[in-house]
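Each remark here refers to the structure printed beneath this line.
What you see is a predicted model; the values in this text were computed from it and never measured. This chain uses plain numbering: 1 for the first residue, then up along the sequence.
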Amino acid sequence: MYWATGSARVLAVEPSLLKLPSEGEDEELELVLPVISSGQDMSSEIDANSQNAILSRVVKGAGSGIVDMARNEQGSLWATITRESIQLWVHRPVGVISKVTRTPKSLLDHGANHRVVWKPDSTMLVVVTEQGFLHIYKIAPQGNDGASYQLTNSKSYALGPGEGVGFPDLTIKFKMTIKMDAGVASLIGLDSDIVVATVNPPAVQLIPWVGKVDVKTCLIRHMNFLLDKTVMIVSMSRFPKSTTQTWCMSDGKAYIVYYTPNVTEAGSPSSVSSNGDSWYGFCFHGNPEGFDRQDAGVVAASNPEYSLLAIGTRGGDVRIFKSGEHAGQWVFSHKLALKESQGYAAGNPSDRIVSLAWNSDGSALAVGQESRCPSVWSVYGRRLFPSASHDIPALQKATEDPYLQGSRALFWSAGNMDLIVLSSDDSSSNFYAIPCAKALPSVQNHLSSAPQCLLHLNDRLLVYTEGHRQDVSSTINPDTFVWNNVMVPPVYLSDNWPIRYSCLSPDGHFLAIAGRRGLAHYNLHSCRWRLFGNWQQEQSFRCQGGLAWFKNILIVGCETTEEKRFELRLYQRENNLDNNDVIFTEQFESRIAHISVWRSSLLVYTANNTLYCYSLGTAKRIDLQLVWKTSLQDIVESPALLKSVSILTADGNDGTSATHITLLVDGKIYFLRPEFLSDGNVRLSFRQITDKVEYYWITRSAHDANDFSLWAFNGKTLKMWWNVFGPGGSERNLANFAKHNFLEMDIDFYPLAILPERGIVLGLEPEIAVHKPKSLAMFKMATKTHLFLQTILRHLLTHNVDGEWEAYEFAKYYQDLGYFGHALEILLHNVLEDEAESGIGFEEGAVLPRVVSFLQQFPHYLDVIVSCARKTEVALWEYLFSIVGAPKDLFEQCLAADQLKTATSYLLILHTLEPLHTTSQDTVRLLEKTLQAQDFELCKELVRFLNSIDSTGATLQQALSMVSVTNT
């Protein structure tokens, strides 16, 4: 998951200067190849009047800043365009490596630049002009091998992340101009063609990148799949690594569209018209009878990692659709509530969505709007940035950052560590890179003994593990949770950024990372890194599928760069990182996609949809043995959809053990159980437990080593299945269990780790501060906690026949925590508020009497009752005390138990419910016992209380006269 951190970097395009062609140069376009900075000067051959006319009509007509920007498929190259120039950027090290400036004649004849689109293989790009021309450019090597500008580390300068690879040897070269007489409404780039939607007449043209040869044209009115053939296309997008397209039409409907050339078209001459049979698709957004104009789709973005499709509407909503079970079926999944947060007035015309961008792993969606702050959302709808609690209109007034005022385009950079935003100010030559932190909550799926989580930043990792915290069991203050700041060595990061995998050892003492090539590991106690001593060996392989620790053994899924072999390597932690020190290697037929370790069992999932289970032996004697393997083709449709796999073995009461496998596939959680057949093969029985899951955790019970629970976060709530893998758990009817035996809790932040021993969910929430005097927005991540003890206790007391006994067995482990009484107070308060209105009392189904009976088993009972009452409306007191007993009786119990401070709290309630003289008598009795206990601070509180209930002082004087004070 991703959060903004730090402040946005400003990236500037140097203002272009119009330059006239000299003799012998192309009159159409003048190329300036390649430059880091521009040194053109204005020509004196054009008279002042003509020059001023050009500047007025072209440059100053609608702002002279950046008009549009786009990234290539990998995000490593960017293209920005102003009205008169094109710039080619490289991401790491960030900078302009090539630039083209158009001539005044080209600008007058064809119009200024308007939009830029990449070819999927990054070898070409096309620029659309305001007068409907297509200018096609090649991105080609300049002629040198390697990089034009190679940076090296030195004693006085360390290269930044990813800067060791240098600047690529690329330049922009003009190829051709194509005139579109019918105008250009939208366009996208495919592998072999440019798909252009025209305006008049409304049609679609396929123009080969090589030029105007074999152009295919189809009028909109000839496309039979369209519900309304009188419309035109307003925007188009492409599914990554596919020719499948999404069209948003002028009537607001959205279609998924496919193109298949028929035999006639395949051999047709240039510029033929199609009858429409080659184009087919279906409408997935929009009512055939029409719908509200604000619901009209204006932009779309697809997410193949989770089979999702996002549609941005004119009214400012984003609707997410999910691929159905049948081909060509897309169903509504959920909506991002952009309009219901952040203090904006609903229905503002500027709510319009202008840009959508999923990151490369599909876990986050960036949303850009015309006059609102860009926002980032998790895959199933949790707002990640900015927080829903932020008053963004007030922030926009307080800061000078233009990108917070609205955006025209945005995308994720390579590695997903920066969100690139083009502000809505079309006169600005700047765009912005918002740095992000990436969280990996899934590390706890490996059932580590110490709950842990990692945050990836550009040059470091933030590590939290229970194994390194001080004893903070007396508080749930988020400030007590300390994150270790681990800097990654620049010598590794400069060549191998970004960090693709990371893993903490189960005890939280060791950290392993893997970047673009090689790997490294770190000791959190000694604060020392261990790297490859041989750079060629480090660059000879890349980690694939992840990392895992088994005792002091690091398990790595690998792909060699030259031989393209797929291996599982085992490294000894104490040994040097060297190919000669690999203690074990296992070859695989296909790329390793996921690995998971539990005790001495190892799961390996490969890209050919095969699951392997190995036995690792012991830490002293590693003996990797294949136990079984099986295909997952009945469960996993595509290996790319499997996001996590974990294994555990639960020991039963009868001495037997059962192996459980958990899969997260396309947002769905499956439980698998292997069964050995007589022929030696393995059959997997499986059940789907839930869907729309972003991450899951498997935690061990704090009081039973064989009791495991499943936690799943769906973007809105956190679900928990109790004792799902415990003794007898494997024999349950999982379908019925998944439907009924879970509890659900609302959490107002994104969870990263479950801390079962403390009854806490740990997570992050974004914060924004304005840095003075520059008025710049600073993004921070605040640690948040959520206490879940009361939720589990209520679930047990409500749904289980022996709920009171089970709740007591669960709660007694936590009763020594300093905040245990607070959890009981929340439990009582929540049940009271839910049942007071109905007045169910002691009737069947009432939970409050069971809660009170449960509370009486703990010494916190009297404190919990009075604390809850004092924080509850007086109107609910009558119902509360009808269940728990009269407050006077509870006061007497406090006196009998010498809980004098608690009895003082009950006096406040008695003062509200009983006559003054009765309260005075009770106060005198309490005052006498307090004096006997020599608790003089409490005596002062009681005196102040008596003085407050009677301003004349008579009650105080009377009480003092009744107290027998003896000299000691």
Starting at [atom1] of [X], measure out to [atom2] of [Y] and round the result to the nearest 0.5 Å.
{"X": "L134", "Y": "L187", "atom1": "CG", "atom2": "CG", "answer": "6.5 Å"}
{"X": "Y258", "Y": "T243", "atom1": "OH", "atom2": "OG1", "answer": "9.5 Å"}
{"X": "F133", "Y": "M176", "atom1": "CZ", "atom2": "CE", "answer": "15.0 Å"}
{"X": "L336", "Y": "I320", "atom1": "CG", "atom2": "CD1", "answer": "4.5 Å"}
{"X": "L107", "Y": "N113", "atom1": "CG", "atom2": "CG", "answer": "7.0 Å"}
{"X": "C283", "Y": "D251", "atom1": "SG", "atom2": "CG", "answer": "8.0 Å"}

Are [X] and [Y] close enough that some pair of their side-chain heavy atoms sits under 4.5 Å apart?
{"X": "M236", "Y": "V195", "result": "yes"}
{"X": "W412", "Y": "R71", "result": "yes"}
{"X": "L11", "Y": "M69", "result": "no"}
{"X": "L384", "Y": "S378", "result": "yes"}
{"X": "P208", "Y": "V215", "result": "yes"}
{"X": "I233", "Y": "M249", "result": "yes"}
{"X": "L309", "Y": "N303", "result": "no"}
{"X": "K438", "Y": "D361", "result": "yes"}

Under 3.5 Å, is there a donor-acceptor pair linking the side chains of [X] and [Y]?
{"X": "T82", "Y": "S85", "answer": "yes"}
{"X": "S423", "Y": "D425", "answer": "no"}
{"X": "W78", "Y": "T80", "answer": "no"}

Show the numbers, then the answer: is there a side-chain hydrogen bond (donor to acceptor under 3.5 Å, both in side chains) between W247 and Q245?
CA-CA 7 Å; W247 294 357; Q245 305 162 37; 3.0 Å; yes

Taking the side chain from [X] and the backbone from [Y], do they hold a donor-acceptor pair closer than 3.5 Å?
{"X": "S278", "Y": "T260", "value": "yes"}
{"X": "D317", "Y": "K335", "value": "no"}
{"X": "H285", "Y": "D295", "value": "yes"}
{"X": "K643", "Y": "A640", "value": "yes"}
{"X": "R314", "Y": "R293", "value": "yes"}
{"X": "T171", "Y": "S98", "value": "no"}
{"X": "T198", "Y": "A203", "value": "yes"}
{"X": "R92", "Y": "A414", "value": "no"}
{"X": "D418", "Y": "A433", "value": "no"}
{"X": "K692", "Y": "S333", "value": "yes"}

Under 6.0 Å between the ring centres of Y255 and W279?
no

Determine whether the aromatic ring centres of W358 and Y306 lie less than 6.0 Å apart.
no

Quick check on [X]: does its [atom1] atom have over 12 non-hydrogen neighbours (other residues, nucleotides or ligands) under 6.0 Å away?
{"X": "K175", "atom1": "NZ", "answer": "yes"}
{"X": "H334", "atom1": "NE2", "answer": "yes"}
{"X": "E637", "atom1": "CD", "answer": "no"}

Y403 and Y432 aromatic ring geometry - parallel, tilted or perpendicular at 30°/60° bounds:
tilted

Grab the two heavy atoms, one from [X] and one from [Y], that are nearest each other, plus how far apart they are.
{"X": "A79", "Y": "L125", "answer": "CB-CD2, 3.9 Å"}
{"X": "G189", "Y": "W209", "answer": "CA-CZ2, 3.9 Å"}
{"X": "A70", "Y": "F411", "answer": "C-CE2, 3.9 Å"}
{"X": "S307", "Y": "L641", "answer": "OG-CD2, 3.6 Å"}
{"X": "H110", "Y": "Q131", "answer": "O-CB, 3.1 Å"}
{"X": "L419", "Y": "A366", "answer": "CD1-CB, 3.7 Å"}

So that I can tick it off, tell me whether R83 and D426 are bridged by a salt bridge, with the cut-off set at under 4.0 angstrom between side-chain N and carboxylate O.
no

Between D193 and K216, is the closest basic N to carboxylate O distance under 4.0 Å?
no

From CA spacing to verdict: side-chain contact (heavy atoms from CB on, under 4.5 Å), S360, E305
CA-CA 8 Å; S360 60; E305 296 293 326; over 6 Å; no

Start with the C-alpha gap between K253 and V231, add the side-chain angles, then the distance that decides, and say whether side-chain contact (heavy atoms from CB on, under 4.5 Å) holds.
CA-CA 10 Å; K253 297 182 179 66; V231 297; over 6 Å; no

Please determine whether side-chain hydrogen bond (donor to acceptor under 3.5 Å, both in side chains) holds for the pair N72 and Q74, giving the CA-CA distance in whole Å, both sets of side-chain angles, and the decisive distance to 0.1 Å.
CA-CA 6 Å; N72 68 344; Q74 298 76 28; 3.2 Å; yes

Any chance you could lay out the side-chain contact (heavy atoms from CB on, under 4.5 Å) test for H135 and I81, step after step, and finish with the verdict?
CA-CA 12 Å; H135 288 182; I81 59 172; over 6 Å; no

Given the rule in the side-chain contact (heavy atoms from CB on, under 4.5 Å) test, do I194 and I136 qualify, once you have shown the distances and angles that lead to the verdict?
CA-CA 10 Å; I194 307 170; I136 301 178; 3.9 Å; yes

Taking the six-membered ring of Y380 as reference, does the NZ or CZ atom of K322 fall below 6.0 Å from its centre and within a 45° cone about the axis?
no

